Amino acid sequence: MSEKLEIKPLVEILHNTKRVAVLTGAGISAESGIPTFRGEEGLWKKYRAEELATPTAFGRDPQLVWEWYDWRRGIISPKEPNPGHKILARWEKVFPGVSLITQNIDGLHQKAGSENILELHGNIWKVRCIEEGTISENFETPLKNIPPSCPKCGALLRPHVVWFGESLDPAVLHNAFLLSSGCEVMFVIGTSAVVQPAASLPLSAAEAGAKVVEINIDPTPLTSYADFSFRGKAGEILPLIDDELKGMS
Ligand code: OAD
């Protein structure tokens, strides 16, 4: 199995590495039972993104958009982190130079114990007042009132997530590019690597001379740039790498 052959050389590189960046996508949460976006069972196959995950959709029918988010929150709420999330949380604790960037909004990295996370696309457990812009946590599932309103001013609350047609938080994106272009090794785990600007982060790492390590069950547009490409489930490949790391330390 080519993965086994590749793990030792990768771990040797990791031993001499101070700065590691990790970019995750929906694939890392797939083994926890959360649907990904693309592919046969993908969320965007069943639902039209532009009818649900856009500012226009929310302006037209906040009730419908919130019902969909309430349904997704109900799916995510009981789900637990898998070995992939847990190993990344462990790495953050034992290797000070590891930083985590995620496209996921499910909060499973936090549930696994990761603390410093750049959430590029927001978080489904946060709500934002459309008038005041204030952001707060909200874990109520199912929501009592749909659409929910701001307890302070009564305006509509919206999910604190990035919708199609919206820009990412510039500070978060700036930091993500700093971490990517400043790392020595970048892991890219469970992402189709087609959604910008997130998909450019590994390229900026590669351009700056970092080794790129992809973990994915399928090839992606990034595969040809990757120095190491592990074809398999994140929850199975990461433990193999972690065991080798423990064995060498
Ligand atoms: P996608 O659904 O596009 O891609 C998921 C990737 O995970 C695919 O490449 C799968 O092959 C891979 N995969 C599935 N199961 C896996 C497993 N167990 N281990 C490893 N890999 C696995 O999800 P993202 O790339 O995260 O944005 O999608 C990016 C963005 O598109 C999302 O953040 C979302 C969506 O539109 C917004 O909502 C703004």
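Because only heavy atoms are used, hydrogens play no part in the values below, and waters and symmetry mates are left out as well, while side chains stay in. Ligands are counted one by one from 1 in listed order, and the atoms in each one are counted from 1 as well. All of these numbers come straight from a predicted model, not from anything done at the bench. Residue indices begin at 1 and follow the sequence shown.
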task: State whether a side-chain donor-acceptor pair under 3.5 Å links H109 with S29.
output: no
query: Taking heavy atoms and a distance under 4.0 Å, where does Q103 meet ligand 1: side chain, backbone, both or neither?
result: both
query: Between D242 and R90, which heavy-atom pair has the shortest distance, and what is it?
result: OD1-NH2, 2.8 Å
task: Might you point out which heavy atoms bring E214 and L222 nearest each other, and give the distance in Å?
output: OE2-CB, 3.8 Å
query: Can you tell if the side chain of K86 reaches within under 4.5 Å of the side chain of N82, non-hydrogen atoms only?
result: no
task: Check ligand 1 against E31 and write out every atom of the ligand that is under 4.0 Å from a heavy-atom position of the residue.
output: 17 (C), 18 (N), 19 (N)
statement: A student comparing I189, N216, T36 should find that the heavy atom closest to atom 8 (C) of ligand 1 comes from N216
Region of V162 that comes within reach of ligand 1 [heavy atoms, distance under 4.0 Å]: backbone
- line: Under 4.0 Å from one or more heavy atoms of A26, ligand 1 contributes atoms 23 (O), 24 (P), 26 (O)
- request: Please verify whether a non-hydrogen atom of G232 lies at under 4.0 Å from ligand 1.
  value: yes
message: Whether E67 and R73 form a salt bridge (side-chain N of Lys/Arg under 4.0 Å from carboxylate O of Asp/Glu) is what I want to check.
response: no
- prompt: Quick one: does ligand 1 sit under 4.0 Å from the side chain of R38, the backbone, both or neither, non-hydrogen atoms only?
  reply: both
query: Going by the atom numbers of ligand 1, which of them fall below 4.0 Å from some non-hydrogen atom of G25?
result: 26 (O)
query: Which of the numbered atoms in ligand 1 are below 4.0 angstrom from a heavy atom of A30?
result: 15 (N)
- request: Could you name the option among S192, G190, G122, S29 that has the heavy atom nearest to atom 7 (O) of ligand 1?
  value: G190
- prompt: Is any side-chain heavy atom of L88 less than 4.5 Å from a side-chain heavy atom of F187?
  reply: no
- prompt: By number and element, which atoms of ligand 1 are closer than 4.0 Å to a non-hydrogen atom of F164?
  reply: 36 (O)
message: Considering both backbone and side-chain atoms of T191, is one of its nitrogen or oxygen atoms within less than 3.5 Å of a nitrogen or oxygen in ligand 1?
response: yes
task: Could you tell me whether A193 and ligand 1 have an N or O pair separated by under 3.5 Å?
output: no
query: Salt bridge between E80 and K111, side-chain N to carboxylate O under 4.0 Å?
result: yes
- request: State which residues pass salt bridge (Lys or Arg N to Asp or Glu O under 4.0 Å) with E131; sequence neighbours excluded, sorted by chain then number.
  value: none
- request: Measure the shortest side-chain to side-chain distance between Q110 and N123 over non-hydrogen atoms and say whether it is less than 4.5 angstrom.
  value: yes
message: Can you tell me if W163 contacts ligand 1 (heavy atom of the residue under 4.0 Å from the ligand)?
response: no
